[in-house]
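Chain A is the first sequence line, chain B the second, and so forth, proteins listed ahead of strands; every chain is numbered from 1. What you see below is based on every heavy atom in this structure, not just the backbone, and it leaves out hydrogens, waters and symmetry mates. For clarity, every value in this text was computed on a predicted model and none was experimentally measured.
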Number of protein chains: 2
Amino acid sequence: MLPELKIQPLRYVLAIVDAGGFHAAARQLHRTQPAVSMAVRELEQRLGEPLFEKGGKATLTPFGAYCLPRFRELITQHDRLSRELLAQVHQQAGHVDMAAVPSVASRLMPRLLGDFIHRYPELRVSLQDGNAEFVRRLVAGGEVELGITSLWQQDDSLAFTPLMRDAVGVVCRDDHSLAGRDSLSWEALQGQVLIRNGTSRLLEGTDAEPLLVESAFDISNMISLTAMLVAGIGITTLPRLAFPEEYERLRFIPLVDPQVERELGLLRSGQRSLSPAAQAMEAFVIESLRPGAAAGP
Amino acid sequence: MLPELKIQPLRYVLAIVDAGGFHAAARQLHRTQPAVSMAVRELEQRLGEPLFEKGGKATLTPFGAYCLPRFRELITQHDRLSRELLAQVHQQAGHVDMAAVPSVASRLMPRLLGDFIHRYPELRVSLQDGNAEFVRRLVAGGEVELGITSLWQQDDSLAFTPLMRDAVGVVCRDDHSLAGRDSLSWEALQGQVLIRNGTSRLLEGTDAEPLLVESAFDISNMISLTAMLVAGIGITTLPRLAFPEEYERLRFIPLVDPQVERELGLLRSGQRSLSPAAQAMEAFVIESLRPGAAAGP
DNA sequence: CCTGTCGGTAAGAAACCCTGATCGATTCAT
DNA sequence: ATGAATCGATCAGGGTTTCTTACCGACAGG
């Protein structure tokens, strides 16, 4: 029912009008004159009405004059779309939705995102933060394309690229009896008031696991946790990156027996592919946080 | 530089998404499945980025999801244009600019335009009126597509289709000495106070030409002319159609010696072709005002 | 394990679009 | 006038695009 208008013949019509003839148009279109003639005639009989007068010169019919601005409009919209998609593909435009665990979001991302938007000034980034499970769920559900987190359980539908290892240590106030140590073994912590937090599960399955059953509190909120530590109510364990260095009275002492680490990495969907902007972000993150390592599956 | 997006592959993408698969889409597009697959792949490599995930099912990539509404938008605009142009061609939409001499405009056009818009309810008409020279100039200059007028001088660049002959007669007040006659010869008018008007040139070149030199007035405005006639100041000659029948005191007496007629017809540009709407009007006018005559060159 | 459905691939056929040569008409200069 | 130049139209042909037919491998459900 509806005739399919192809873009190119419409361009020919515009060219004929503003070049003032079929020959001149053909020249500027890098086509031969018959190509232009035939394309126009094809278009005319598809519309069922001539666009140019038959006699001699290239003059628009009234119908042609009616069509002209509309052709121009459709071509403009086509070109706008084409340009826009190309910009997306070439990472000169676009948007990345991502998520990270709080320690990464607050300690690594500010610098990283600053560098990123310096490298890709046209791209936009949205960052959410939440615990590892939250990040995993956002990535798995497609609500964000990338997550930076530690991986608890294996998931075939998600792809995890390790970026860095983050050692767990003990955090206490500077006047605590352990505060002067360079390193600790788990036995030294026995009998201490241990405050559990969201990262304490890292100790599960290690020699230090017995400590967890002794812990009196379980505080997931970081502000509350630091408040309790500063108040000298107890001690806790945290990965190095999660240790809030802005509190002068808190000390971080590495745990060496057992050595416990979390592995931070980039999480993405295993089946869904990435938008061009997210591809740029993925490569940028890997390059930034894993210096001297090539990307690989 | 810019890739040319053809409309059809975009349609394929939409169909794949809302049919939920390549096979189903191919069915509803009346194509085979490989045709759809290949068209999509062609589009993908033209964009430089896949639209659908590779593995198994037909799932959009994030880039594909980004493209989808934009494809839909471009297709919508294409179809809107296509539909609109088709409506123009099929005379289901459009606009006719035309002009007519005052007698035609006031006596024939109201009825004719009423019938026309009843026949073509979607079309719109603009009508200007003015003397024959004015009408001719509008048509020649392309400001209107059609004129209904009498033709003074031949003009190769204009096409004139005769519609009706309009006999000239004498107009006088009902108490005038000639008012009772059924017909008149020019000699009977000698010695009368003759008022010239815009149509008096019709008498030039006829036996009645001597009357013109006797005329005391030359009044082009119709209101003024009728006022003078009603006041009994003189008589005039007018074509039948230009005789203002709404004035009860005025009489029209046919001039039979010589028989003078003007030929009213449809005027259009000889080189410029007509818009579809104007074509409809042209045919309608010819059919309405020249009953029982087929259209000719 | 077989079977139906999915999408991808290969080869040939049809349609499409372009080129090169040529034509008739018009215009312009001689 | 008449010949040259330029205009757009036309036609045969070949190269590309885009379809169809036939077949493949992957996967899911009975």
Side-chain angles (χ1 to χ4, degrees), chain A residues 3-47 49-61 63-65 68 75 78 82 156-157 270-273, chain B residues 2-47 49-61 63-64 75 156-157 269-273:
Chain A
E4 275 276 332
L5 307 177
K6 309 211 186 94
I7 299 295
Q8 215 173 15
L10 306 189
R11 270 189 220 287
Y12 287 5
V13 172
L14 294 207
I16 291 166
V17 170
D18 78 44
F22 284 61
H23 276 94
R27 228 170 293 125
Q28 88 174 43
L29 291 165
H30 308 294
R31 291 283 126 79
T32 57
Q33 170 263 320
V36 177
S37 282
M38 295 171 82
V40 169
R41 200 156 45 78
E42 213 282 328
L43 175 59
E44 284 176 339
Q45 59 199 45
R46 192 172 293 215
L47 291 173
E49 188 76 17
L51 296 165
F52 291 93
E53 299 292 356
K54 300 297 158 53
K57 292 291 184 285
T59 319
L60 285 170
T61 60
F63 179 66
L68 192 64
I75 290 175
H78 166 277
S82 181
D156 292 354
S157 77
Q271 32 226 0
R272 200 175 318 226
S273 57
Chain B
L2 284 186
E4 276 275 333
L5 306 177
K6 308 207 188 98
I7 299 295
Q8 213 172 18
L10 306 190
R11 270 190 221 286
Y12 287 6
V13 172
L14 293 207
I16 291 167
V17 170
D18 80 44
F22 285 62
H23 275 95
R27 228 170 293 125
Q28 87 175 44
L29 291 166
H30 307 293
R31 290 281 127 78
T32 57
Q33 169 263 319
V36 177
S37 283
M38 295 169 79
V40 169
R41 200 153 45 79
E42 214 282 328
L43 174 60
E44 284 176 339
Q45 58 200 45
R46 191 172 294 214
L47 291 173
E49 188 76 18
L51 296 165
F52 291 93
E53 299 291 355
K54 299 298 159 51
K57 293 292 185 283
T59 317
L60 284 170
T61 60
F63 179 66
I75 291 175
D156 292 353
S157 76
S269 165
Q271 36 232 353
R272 202 174 316 229
S273 58

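- B:Gln8 comes within 4.0 angstrom of the backbone, heavy atoms only, and of no base.
- Sequence order on DNA chain C of the closest nucleotides to A:Gln33 and B:Gln33 puts B:Gln33 first from the 5' end.
- Taking atom CE of B:Met38 as the reference point, atom P of D:dT16 lies 16 Å away to the nearest angstrom.
- No donor-acceptor pair under 3.5 Å is formed between the side chain of B:Ser273 and the backbone N or O of A:Thr61.
- Within the structure, every side-chain polar atom (N or O) of B:Arg41 is placed at least 4.0 Å from both OP1 and OP2 of C:dG7.
- Distance from the side chain of B:Glu42 is smallest for D:dT18 among the nucleotides D:dT20, C:dG20, D:dT18.
- With respect to the salt-bridge test (charged N to carboxylate O, under 4.0 angstrom), the residues B:Arg11 and A:Glu4 qualify.
- Taking atom CD of residue A:Gln271 and atom P of nucleotide D:dA26, one finds them 19 Å apart after rounding to whole Å.
- Applying the 4.0 Å criterion to OP1 and OP2 of D:dG8, one finds that A:His23 has a side-chain N or O inside that range.
- Here D:dT21 presents its C1' atom at 15 Å from CZ of B:Arg31, a figure rounded to the nearest Å.
- Residue B:Lys6 places at least one side-chain N or O under 4.0 Å from the OP1 or OP2 atom of D:dT18.
- The distance from atom CG of B:Leu43 to atom C1' of D:dC19 is 17 Å, rounded to the nearest whole Å.
- In this structure, CD of B:Glu53 is placed 19 Å from P of C:dC6, rounded to the nearest angstrom.
- Looking at A:Gln28 and A:Asp18, their side chains come closer than 4.5 Å, going by heavy atoms from C-beta outward.
- A side-chain donor-acceptor contact under 3.5 Å links A:Glu44 to the backbone of A:Phe52.
- Side chains of B:Ile7 and A:Leu5 form no contact here, defined as non-hydrogen atoms less than 4.5 Å apart.
- Remark: P of C:dC18 and CG of A:Leu29 are 10 Å apart, rounded to the nearest angstrom.
- The side chain of B:Tyr12 places no N or O atom within less than 4.0 Å of a non-bridging phosphate oxygen (OP1 or OP2) of D:dT18.
- Here B:Phe52 lies out of heavy-atom contact (under 4.0 Å) with every strand.
- Looking at the side chain of B:Pro34, the nearest of the listed nucleotides C:dT19, D:dA22, C:dG7 is D:dA22.
- Rounded to whole angstrom, the span from the CD1 atom of B:Ile16 across to the P atom of C:dG8 amounts to 9 Å.
- Two residues, A:Phe22 and B:His30, neighbour DNA chain D, and the one matched to the more 5' nucleotide by heavy-atom proximity is A:Phe22.
- In terms of phosphate contacts, A:Ser37 brings a side-chain nitrogen or oxygen within less than 4.0 Å of OP1 or OP2 of D:dA9.
- Look at CD on A:Gln45: it is 11 Å from P on C:dC16, rounded to the nearest Å.
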